[in-house]
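In this text the structure is predicted, and so the values were computed from the model without any measurement. Both backbone and side-chain heavy atoms feed into the values below; hydrogens, waters and symmetry mates do not.
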Amino acid sequence: MILPLLLLQAVLQSPLAARPDTARPTHEALHYDVTVVLGDSGRHLLGQVETTWRLRSEYPIELQLDSTLRVIRVLVNGRENTRLARTPWGRQGDLLVIPHEGKAGDSLTTRVRYHGEIRGGLTFRGEAESRTVFATDWPDRAHGWLPVEDHPSDKATVDFHVQAPAAYQVIANGTLKSVDTLAYGHLVWNYEQTRPIPVYTMVIGVARFAVARLGPSACAVQCVPLTVWTYPTDSLYAATGPFRRVGEIVDYYSQLLGPFPYASLAHVESSTEFGGMENSTAIFYNDSLYRVRSLEERTVAHETAHQWFGDAVTEDDWHHLWLSEGFASYLAAMWEEHTGGASALTAAMGRAAHEYFASKEVEHPIIDPSVRDLMSLLNENNYQKGAWVLHQLRGLIGDSAFVAGLRTYYRTYRDSTALSSDFARIMSEAAGQDLNWYFTQALTQPGYPVLEIGWRRSGDGLALDIRQTQKNEWGTYRIPGLELVIDGKTVKVNVEGRETRAVVKGVSRSPKQFAVDPRGWWLLKAAVKAKVKGEK
């Protein structure tokens, strides 16, 4: 058994399996049952959350909840936990610490009742009929209004029971099961999400909506009911503009990747601070984009792709966010390729490269353990370069292996979490070759290759000298099969190390046209020297 143990140790030590997050859940939350009562005005919330747990140890349960919210009552398995301590539960800043009598592997429930003025996690706007309330959970702001384990590695199912004035509609994750009428002019909207989702996508939205039902999509794979929720003045724009092909988008990704992961999908105008936020089954889009009529279909495609990658398959550690944002960015580019051809993909990847080259992130790797500000992870490394990691991989192993690997990765980790090492392993299996070198290079080295290509006549051929001139701290890159087109002749060169030499046979004169990576499979910069020293 020595060899398997050594292999396991190597995997655990790999930077592709690094878990730099400093705080991780102590137990496994299986299900949240959330009751929220909102008033007609103000920022006050009365809430109750019952959580079903699978214990990992005898260590107390730790929930995060904003320290300004007052906890009224805590129950464990439906009763006061007074036998365990003089104070059966306590607070340490934003941590709510709940002792229990269980052991590893046991299941139990906790119920937390609380109230207070919300200062984060929910955005309140307007008054009376113009009032809106939307969750703004990403990255770890859900505990501003919910007692939860606020980390992407701990996914759970969730039910929402949201009480609001009868003039409003409520959207939340999952399927609307019922709407209950109360005696004093309020309604309770009951939603059920039966597949586990990350906490940062557990949301509610309350507003006066116009709801357009688009009918089911992707029925050849699994029927997905689609709706568009907008403010009434924006409903026509939404239906004829950015959302006119949402059914086709779901069709395309369902056929490319596998069945849509959830029972339905809603596109929701909201007050999210992001252009789009991929909340599971209920995608939120920034309402300012509606007002100026600038919401783009590529944003809709990006957020829809997140339902597969980010929501159904979730990064196990924040520092592997490219598994979410890089995937959604590249899949949006693939949607553009699907609708606009190869030139549309080239344009999309060109934009991504330009934005990455111009950013300060070139000085940092994608997996950067030094990052502690989670908001700063929304950067060109995880989006634009992350998309290029996938694009390069596709060029390296071919479309068939690439798509097969994506499907296997989705099928294997659906409703769960993964690290970059998991994706690297599955893509290596799909390609039939060890790709750890590629992922280590792409994810743990900063920058990109900068090539200086010199040539000289050599008999009946052309001698090439390919030098990597990027900063030393960026390291060197392997570029297998780099395509060069010399006066219409295509050749491939395996670039390795700081200097690579090759001879191209059959070139009888000095080249007039010399193209590097003409099909655009590599994120690089290159300059070709017309002559090298010593040429006559």
Side-chain angles (χ1 to χ4, degrees), residues 23-37 45-65 69 71-84 88-91 94-114 121 135 137 140 142-143 145-163 172-178 188-204 261-263 279-282 311-312 314 316 414-417:
R24 302 189 68 84
T26 54
H27 300 288
E28 182 181 3
L30 302 176
H31 179 74
Y32 295 103
D33 191 276
V34 179
T35 299
V36 170
V37 180
L45 178 144
L46 172 63
Q48 177 175 287
V49 176
E50 182 168 293
T51 308
T52 303
W53 300 91
R54 180 180 292 119
L55 301 179
R56 294 182 174 133
S57 68
E58 298 179 14
Y59 193 82
I61 289 169
E62 292 183 345
L63 286 164
Q64 291 168 272
L65 181 66
L69 297 177
V71 175
I72 302 169
R73 193 179 193 193
V74 176
L75 301 180
V76 177
N77 286 335
R79 60 182 176 82
E80 302 280 359
N81 219 18
T82 52
R83 288 192 301 163
L84 291 176
W89 55 269
R91 304 198 72 172
D94 285 354
L95 279 184
L96 177 61
V97 182
I98 306 174
H100 59 81
E101 297 174 301
K103 300 184 181 301
D106 288 353
S107 295
L108 59 77
T109 62
T110 58
R111 185 184 304 164
V112 179
R113 191 171 179 85
Y114 60 100
D137 290 347
D140 59 348
H143 69 275
W145 63 290
L146 294 172
V148 288
E149 287 197 319
D150 212 349
H151 190 273
S153 66
D154 193 24
K155 300 169 71 171
T157 56
V158 60
D159 291 344
F160 277 105
H161 315 282
V162 183
Q163 180 179 324
N173 308 103
T175 302
L176 179 63
K177 306 303 291 185
S178 64
V188 178
W189 297 68
N190 302 294
Y191 281 85
E192 180 184 54
Q193 172 57 38
T194 58
R195 284 190 173 273
I197 60 176
V199 169
Y200 68 77
T201 73
M202 295 181 182
V203 296
I204 62 171
Y262 307 116
N279 311 306
S280 307
T281 79
D311 294 1
T314 306
D316 190 71
R414 178 178 173 176
D415 298 332
S416 187
T417 62

If you take all heavy atoms of V199 and A142, which pair is closest and at what distance? CG1-CB, 3.5 Å
Check ion pair D316-R24 (N to O, under 4.0 angstrom): yes
Donor-acceptor pair, Q193 side chain versus N173 backbone, under 3.5 Å? no
Heavy-atom pair of closest approach, residues P25 and S153: CD-OG, 3.5 Å
Roughly how far apart are K155 NZ and I197 CD1, rounded to 0.5 Å? 9.0 Å
Apply side chain to side chain donor-acceptor pair (under 3.5 Å) to D415 and list each qualifying residue two or more places apart in sequence or on a separate chain. R195
Check: E149 and Y32 side chains under 4.5 Å, non-hydrogen atoms: yes
Please step through side chain to side chain contact (heavy atoms under 4.5 Å, CB included) for the pair L55 and D106, ending with a clear verdict. CA-CA 5 Å; L55 301 179; D106 288 353; 4.1 Å; yes
Ignoring hydrogens, what is the shortest heavy-atom contact between Y262 and A312? Give both atom names and the distance. OH-N, 3.1 Å
Do S280 side-chain atoms and M202 backbone N/O form a donor-acceptor pair below 3.5 Å? no
Test item: D33 and Q48 side chains (from C-beta on) under 4.5 Å apart, heavy atoms: no
Would you check, one step at a time, whether the test side chain to side chain contact (heavy atoms under 4.5 Å, CB included) holds for Y114 with V49? CA-CA 9 Å; Y114 60 100; V49 176; 3.9 Å; yes
For R73, does the CZ atom sit with more than 12 other heavy atoms under 6.0 Å from it, leaving out its own atoms? no
Go through the structure and list residues passing salt bridge (Lys or Arg N to Asp or Glu O under 4.0 Å) with R54, not counting sequence neighbours. E28
Scan V74, L75, T51 and name whichever one has a side-chain contact (heavy atoms from CB on, under 4.5 Å) with I98. V74
Hey, are the side chains of E101 and V76 touching, using non-hydrogen atoms and a 4.5 Å cut-off? no
Using side-chain heavy atoms (C-beta onward) and a distance below 4.5 Å, is W189 in contact with I204? no
Any side-chain heavy atom of T281 within less than 4.5 Å of one from Y191? no
Which residues share a side chain to side chain donor-acceptor pair (under 3.5 Å) with T110, sequence neighbours left out: W53
Working to the nearest 0.5 angstrom, can you tell me the gap between T194 OG1 and D159 CG? 9.0 Å
Kindly give the heavy-atom pair with the smallest separation between P147 and L65, and that separation in Å. N-CD1, 3.6 Å
Okay, side chain of H151, backbone of P198: is any donor-acceptor separation there less than 3.5 Å? no
Heavy-atom nearest pair, V36 first then W145, reads CG2-CZ3, 4.0 Å
Quick one: pull up CG in L108 and NE2 in H100 and give me the separation to the nearest 0.5 Å. 6.5 Å
For the residue pair P152 and T314, what are the closest heavy atoms and their distance? O-CG2, 3.7 Å
Indicate whether the side chain of D154 and that of H27 have a donor and an acceptor atom separated by less than 3.5 Å. no
Check whether D150 reaches the backbone of H143 with its side chain - one donor and one acceptor, N or O, closer than 3.5 Å. yes
Would you please test L95 and Q64 for side chain to side chain contact (heavy atoms under 4.5 Å, CB included) and show each step? CA-CA 5 Å; L95 279 184; Q64 291 168 272; 4.0 Å; yes
N279 and D137: side chain to side chain contact (heavy atoms under 4.5 Å, CB included), yes or no, with the steps? CA-CA 9 Å; N279 311 306; D137 290 347; 5.8 Å; no
